[in-house]
2 protein chains.
Amino acid sequence: MQHDGIGVDVDAGEVGGSDADPLDIGAAQRGRGQTVTIRDVAKAAGVSPATVSRVMNNRESVAPELARRVQQTAASLGYRPSAVAQGLARGRTGLVAITVPDLGNPMFQSVLRGLSRAAGRDGYRLLVTDSHELPLEELVLAQESRLRADGLVLCSPRSHERELAELAHTIEPFVLVNRSVADLDAPTVSVDYASGMRAVCAHLAWLGHSRVAYLEGPRASIPNRERRETLQEAAEGRFELHVVECGSMLEDGFDAADRALATGATAIVGYNDLVALGAHGKLNEIGVRVPDQVSVVGFDDIPLSRYTAPRLTTVAIPQEELGREAWQRLAAMLRDEAPPADVCFTPRLEVRQSTGPAAR
Amino acid sequence: MQHDGIGVDVDAGEVGGSDADPLDIGAAQRGRGQTVTIRDVAKAAGVSPATVSRVMNNRESVAPELARRVQQTAASLGYRPSAVAQGLARGRTGLVAITVPDLGNPMFQSVLRGLSRAAGRDGYRLLVTDSHELPLEELVLAQESRLRADGLVLCSPRSHERELAELAHTIEPFVLVNRSVADLDAPTVSVDYASGMRAVCAHLAWLGHSRVAYLEGPRASIPNRERRETLQEAAEGRFELHVVECGSMLEDGFDAADRALATGATAIVGYNDLVALGAHGKLNEIGVRVPDQVSVVGFDDIPLSRYTAPRLTTVAIPQEELGREAWQRLAAMLRDEAPPADVCFTPRLEVRQSTGPAAR
DNA sequence: TTGTATGCGTTATCAC
DNA sequence: GTGATAACGCATACAA
């Protein structure tokens, strides 16, 4: 702020700078930052830009002593290579993009963390995009962020298969998390939701529940469809299932709780933990005791579900591992290698305190 | 994460990997993607690259008909401008970096969302970095991400004043959220935590609590210091205050609850909502009733605190607004304008169900 | 209105 | 080992 001259003209006409000002050597003609370029360092150190580049990248072929000198002048000038220019020259940005339906959902955060850690170890940074559960924006955002990154992780994409398949080539290389798409040979990391949901069913049936409400997730969500359908199948002959429109967020669950109760259900299964917790919040507010009067089940096992009162019974999925596995595949593709085979995790039912025998 | 220098990237040696492929002559020599460049479009449309550029950027000075033709050939070729090249040529990337101490904290997510929405409206995307509450990594990460973006938002920085001031010029332009730094004229968006904490004090005193435990946040956290000190001052003559080491996450609160109880406190104040909820989880587990036996107070008012059982009494801070205001200032700087004056929000005590009269 | 020629900051391919 | 120099893909003064 204080260093560089006040009011450096936005678009100084300096370009032709034939007048070599000793102080202001060919400075950037645009914007703030008195950008120190590789050339400035080269000039100051009395070497060629190529050599400076070699030194900065620890290329072996530089005389040790020269290297030190260059490093010193670089440091003294405060030289910092432009990531953008490097990106252009190298053909890679060192960035990996990821789009999620809702950054506010702890489940996606965990995936993010897994990805971030794994990619970070390889020197990659994350470009995060939140599509706000909007299928239409999703691919646009994905395309756009892919443009600034070397690869993309599509987390729980809500887009239609057709559009996804159509635009696939524009976001390549990418890997799918939480969803597989026919006609697409993109590496996929998924979870066997059906198995998890069947476990929930068995659990509730065993507890004697004869009427269950499912708080349905966003219509565009494939995991929701899989969970709902599995629930419907598995409910057959065990209990009556009522599907209640809901959503994916706390508020949605809160708002849907009434409708769930109206079905006479003694157990409520949420599309995810947030929805389940939202519903539980409502039950608490209107004095319905959990699990004495009504049982509540979530899905995902976000960190918080372990700390609520009562602790939430839920289906645990290996969230960080999803991120790690996704990176493993993307990294392979970035190296022009064949990615590891698709993987599908089997979730585990985490029985805690929010479920109990059916009230009678 | 790795320090810079060695092992900059795993695949450094690979670059030269594939040699001249007879198929993609003159095309990008590296990696996948048979990149369609502006030149290809120009050639195919029979115009100059400059014209294509004008068309792509909606410059007025192109004949309507020509423009359409160019657009069509561009579309048919599947041309998509390289964001990296644009960044280099324009001198701006369209990216804004933000570093937060913990992406897993809903409080920061809300700030993120506010920033994302505001910046998004101006065509900017977010480059998010999580410093994992590590003061040492923080600035390194910030510098690095700043290099790929046009500006930076430092959210609740944990770094020492000195280092921050020293490296300030390397991350400019930037704005501070949740912390002001003397000797630094960076635009700042903050919250008057002291006022919020005093409200908590008054509330607890009024409820008759004579012994209170504060679950302290990370040592490097300035907000923690401010909250703790305010609490200590305001406690004078009203109640006995015990400061308990804790942290910033759910687990930390859970683990610290025992120690808080051991002080004989009838009220527990958490550094933030997560910690408070974690502690509450523990209380629930060991059968201590909230608020009948022990009151619990949080800080931040994350969305979830409204849905817990009992609903959490907490200090509400305008999270999304922090993000919005931050962008307003950064945007101004990016336009070479003077940023709006610093702003400091006054939080509001949100009295809910987790606090009650002192148990006696 | 359109084309030409540079520049953006680095990397990489050559020669030397 | 080191130094010119051509990409990298796009934007933009300037000339036409």
Side-chain angles (χ1 to χ4, degrees), chain A residues 10-18 25-31 33 35-43 45-67 69-70 74 79-94 147-148, chain B residues 8-9 12-13 15-17 19-20 25-31 33 35-43 45-67 69-70 74 79-94 147-148:
Chain A
V10 190
D11 265 276
E14 294 249 54
V15 190
S18 50
I25 336 147
Q29 82 281 35
R30 190 190 325 289
T35 333
V36 178
T37 80
I38 201 174
R39 280 226 269 272
D40 301 327
V41 179
K43 208 165 300 180
V47 299
S48 81
T51 297
V52 179
S53 175
R54 293 190 185 99
V55 172
M56 299 308 289
N57 296 330
N58 296 315
R59 291 274 181 282
E60 294 307 333
S61 62
V62 186
E65 189 202 342
L66 214 192
R69 202 179 75 209
V70 170
Y79 168 65
R80 314 185 58 212
S82 151
V84 184
Q86 288 182 321
L88 186 57
R90 290 179 172 150
R92 48 154 253 154
T93 63
L147 226 47
R148 335 180 100 120
Chain B
V8 174
D9 32 358
V15 187
D19 353 40
I25 333 141
Q29 81 283 39
R30 186 188 331 291
T35 333
V36 178
T37 79
I38 201 173
R39 280 227 268 273
D40 301 327
V41 179
K43 208 166 301 179
V47 298
S48 80
T51 297
V52 178
S53 173
R54 293 189 186 102
V55 172
M56 299 307 290
N57 295 336
N58 296 314
R59 290 276 179 281
E60 294 309 331
S61 62
V62 187
E65 189 201 343
L66 216 192
R69 202 178 77 210
V70 170
Y79 168 65
R80 314 186 56 212
S82 152
V84 184
Q86 286 183 321
L88 187 57
R90 290 180 173 148
R92 45 153 257 156
T93 63
L147 227 46
R148 334 179 100 115

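Only this structure's heavy atoms are used, side chains among them; waters, hydrogens and symmetry mates stay out. Here the structure is a predicted model, which is why all the values come from computation and not from measurement.
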Stems involving DNA chain C: give each as a range paired with a range, ordered by first number, where a stem means at least three consecutive Watson-Crick or G-U wobble pairs under 3.5 Å. C:3-16 with D:1-14
Of all heavy-atom pairs linking Tyr79(B) and Val36(B), the shortest is CD1-O, 3.2 Å
Nearest of dT11(C), dT10(C), dG9(D) to any side-chain atom of Leu88(B)? dG9(D)
Measure NZ/Lys43(B) against P/dC10(D) and give the value in whole Å, please. 13 Å
Nearest-Å distance for atom pair CZ/P, residues Arg90(B) and dA13(D): 13 Å
Residue pair Val52(B) / Val55(B), side-chain heavy-atom distance below 4.5 Å: no
Rounded to the nearest 0.5 Å, what separation is found between the CZ atom of Arg148(B) and the OG1 atom of Thr93(B)? 10.5 Å
For dA11(D) and Arg92(B) - does any side-chain N or O of the residue sit under 4.0 Å from the phosphate oxygens OP1/OP2? no
Output the distance between atom CD (Gln86(B)) and atom CG (Asn57(B)), rounded to the nearest 0.5 Å. 6.5 Å
Rounded to whole Å, CZ of Arg39(A) lies from C1' of dA4(D) at a distance of 12 Å
Taking OP1 and OP2 of dA11(D), is either one under 4.0 Å from a side-chain nitrogen or oxygen of Ser53(B)? yes
Which residues pass the side chain to side chain contact (heavy atoms under 4.5 Å, CB included) test with Leu147(B), not counting sequence neighbours? Arg80(A), Ala83(A)
Look for any protein N or O under 3.5 Å of an N or O in nucleotides 2-4 of chain C and output each such pair with its distance, or none.
residue: dT2(C); atom: OP2; partner: Ala63(B); partner atom: N; Å: 2.6
residue: dG3(C); atom: OP2; partner: Ser48(B); partner atom: N; Å: 3.1
residue: dG3(C); atom: OP2; partner: Ser48(B); partner atom: OG; Å: 3.3
residue: dG3(C); atom: OP2; partner: Thr51(B); partner atom: OG1; Å: 2.5
residue: dG3(C); atom: N7; partner: Arg54(B); partner atom: NH1; Å: 3.4
residue: dG3(C); atom: N7; partner: Arg54(B); partner atom: NH2; Å: 3.3
residue: dG3(C); atom: O6; partner: Arg54(B); partner atom: NH2; Å: 2.5

Interatomic distance, Arg59(A) CZ vs dA12(C) C1' [rounded to whole Å]: 9 Å
Please report, rounded to the nearest Å, how far the P atom of dT2(D) is from the CZ atom of Arg69(A). 9 Å
To check you understand the geometry: which heavy-atom pair defines the closest contact between Ala42(A) and Pro49(A), and what is its length? CB-N, 3.5 Å
What is the distance, rounded to the nearest whole Å, between atom CG of Asn57(A) and atom P of dG9(C)? 17 Å
Do the side chain of Thr37(B) and the main chain of Arg39(B) share a donor and acceptor less than 3.5 angstrom apart? yes
With sequence neighbours excluded, tell me which residues meet side chain to side chain contact (heavy atoms under 4.5 Å, CB included) with Leu66(B). Val47(B), Thr51(B), Val62(B), Ala63(B), Arg69(B), Val70(B)
In this structure, OG of Ser48(A) is separated from CZ of Arg54(A) (nearest 0.5 Å) by 6.0 Å
Below 4.0 Å: OP1/OP2 of dA11(D) and any side-chain N or O of Gln86(B): yes
Can you check the Arg148(B) CZ to dC8(C) P distance for me, whole Å? 22 Å
